[in-house]
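Indexing begins at 1, ligand by ligand and atom by atom, following the structure's order.
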Amino acid sequence: MPIINRIADFHAEMTEWRHRLHANPETAFEEHKTSEFVAERLTSFGISVERGIAGTGVVGTLRGSVPGPCAIALRADMDALPIAEQNGFAHASQHQGRMHACGHDGHTAMLLGAAKHLAETRNFAGTIHFIFQPAEENEGGARAMIEDGVLERYPVEAVFGMHNWPELPVGRFAIQPGAMMAAFDIFEVTIKGRGGHAAMPHLAVDPIVAAAQVVNGLQTIASRNTHPLESAVVSITQIHGGDTWNVIPETVVLRGTTRSFSPEIRDHMEPAIRRIADGACRSCGAEMELCYELCYERRYPPTLNAVEETEIAAAAAAAIVGEGNVQRMLLPSMGAEDFAFFLEKKPGAYIWIGNGTAETGGMLHSPHYDFNDAILPLGASYWVRLAETALAKESVSASLR
Ligand code: NI
């Protein structure tokens with residue numbers, strides 16, 4: 001595999017960075033030490049740095065050896081998860097209840113490695129903005145950086161992102177135009193009845209039975225209301241109600257998430273949940289005493305790759321691992337990714353890099369997960385080739401629209 005030789009030279013250094021980040025995980029918008037570390041490294045490479053974008057976001061800016069009209073953004077995420085790590089190795093989390101269980105420590109180390117190399121060689125025309133973003137998990141750090149004006153202050157023609165993928169073997173990449181990851185929304189249904197004695201249910205209005213009907217009814221959104229060739233997920237992930245054996249409670253709270261790709265199906269989710277909750281309450285309620293409230297919140301849009309940038313990214317990956325190791329057709333994930341917010345604003349491409357850890361239990365968000373240090377030079381080499389292709393000196397503006 002033609003990993004860039006100079007990058008192979010600092011594999012050990014990237015591993016050291018990665019272990020340091022892994023041992024000191026920080027969750028959404030609290031990445032103070034992490035962003036400080038990133039800024040220090042970028043500065044030491046001679047890259048100009050702005051800190052404090054959306055709180056803890058960092059942007060490093062590097063100009064090529066020849067001027068060019070184009071600029072691109074390469075983005076890594078920096079945040080950890082509220083998970084108690086179960087690994088026992090030396091670089092395991094030192095922060096109780098927080099863990100780099102999604103490999104963002106590795107993403108940060110790979111982009112730093114690429115930045116170091118690109119700063120040494122500057123073998124491109126134009127400008128690279130290295131975006132290190134906070135709060136990819138749940139809280140939309142990408143959206144926060146955009147709202148803080150990052151794309152106005154650092155205008156770019158294209159944006160690129162990368163995530164490790166445990167199911168893919170080491171030495172492989174996967175990417176396709178169009179959908180890579182799903183839209184992610186959350187909802188809460190509160191069902192209110194009238195509490196009472198469990199032995200005298202006819203004197204109460206039971207929200208638990210209605211809640212059970214809602215849980216079952218929600219299963220029909222994907223199975224009965226969505227075109228069989230489209231994709232939709234509705235998962236209830238929390239049920240809260242009742243405190244003891246012999247009391248029918250007043251309220252039950254259900255919480256969950258929906259996933260979808262097409263805007264039409266996404267738009268269909270909230271009214272469908274409302275219809276099912278309404279129907280359950282009508283069928284169980286005595287004289288309309290049973291009622292519900294629905295809060296539905298749109299979180300992340302789907303992650304949709306642009307055609308031209310996907311081609312540039314796939315070619316850069318192929319230059320590192322060979323065409324046969326770049327999977328160009330895949331089943332998109334129903335997981336979500338807030339890089340989608342950048343892709344809503346700018347054309348770009350998001351790629352998966354094989355982490356090769358699925359078989360040993362190292363799934364994303366597992367307390368046993370660990371980023372695979374073997375892929376650090378692969379990812380850093382990919383970033384370098386991508387930047388050198390997208391901002392090729394020979395065809396200054398031809399490779400990007
Ligand atoms: Ni992640």
Side-chain angles (χ1 to χ4, degrees), residues 17-18 21-22 24-31 34-35 38 54 56-58 73-85 87 93 95 98-112 130-145 159-168 170 173-175 179-184 186 257 259 299-305 330 332-343 348-358 361-373 375-376 378-380 382-383:
W17 298 338
R18 212 282 293 176
L21 293 167
H22 191 89
N24 297 285
E26 296 174 303
T27 49
F29 294 118
E30 292 172 356
E31 305 92 340
T34 306
S35 62
V38 165
T56 46
V58 180
L74 309 181
R75 168 277 202 177
D77 39 17
M78 302 187 290
D79 57 316
L81 281 154
I83 292 177
E85 179 157 12
N87 296 311
S93 171
H95 297 175
R98 276 171 280 165
M99 176 188 176
H100 270 296
C102 201
H104 299 184
D105 47 349
H107 303 165
T108 299
M110 290 190 292
L111 191 55
L112 282 174
F130 301 94
I131 297 181
F132 292 86
Q133 75 151 82
E136 191 285 317
E137 305 284 358
N138 291 310
E139 303 305 327
R143 180 176 49 199
M145 286 188 88
V159 292
F160 295 94
M162 174 161 60
H163 205 292
N164 78 93
W165 210 246
E167 291 88 338
L168 266 185
V170 170
F173 287 82
I175 189 169
M180 288 290 289
M181 309 281 282
F184 153 49
I186 59 173
T257 182
R259 307 298 168 112
R299 283 288 171 113
Y300 296 179
T303 302
L304 304 174
N305 279 346
L330 52 95
S333 168
M334 297 310 286
E337 162 62 73
D338 86 339
F339 185 68
F341 288 110
F342 286 117
L343 288 175
Y350 174 82
I351 197 167
W352 291 337
I353 179 172
N355 199 50
T357 53
M363 307 298 292
L364 298 177
H365 297 200
S366 156
H368 303 286
Y369 171 87
D370 195 28
F371 184 86
N372 189 343
D373 291 316
I375 72 171
L376 288 167
L378 286 170
Y382 162 75
W383 279 133

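- D79 pairs in a side-chain contact (heavy atoms from CB on, under 4.5 Å) with only one of the listed residues (R98, H104, E26), which is H104.
- Residues forming a ring pair (Phe, Tyr, Trp, His ring centres under 6.0 Å) with F371 (at least two apart in sequence, or on another chain): none.
- If you check the side chains of T303 and E337, you find no donor sitting under 3.5 Å from an acceptor.
- Under the 3.5 Å distance criterion, with hydrogens and angles disregarded, a donor-acceptor pair is assigned to the side chains of E85 and H22.
- Inspection of the environment of the Ni ion (ligand 1) yields the following protein N, O or S atoms under 2.8 Å: C102 SG, H104 NE2, H163 NE2.
- Counting all heavy atoms, side chain and backbone alike, G106 lies closest to L376 at O-CD2, 4.0 Å.
- Taking each heavy atom of E139 and A28 in turn, the nearest pair found is CG-CB, 3.7 Å.
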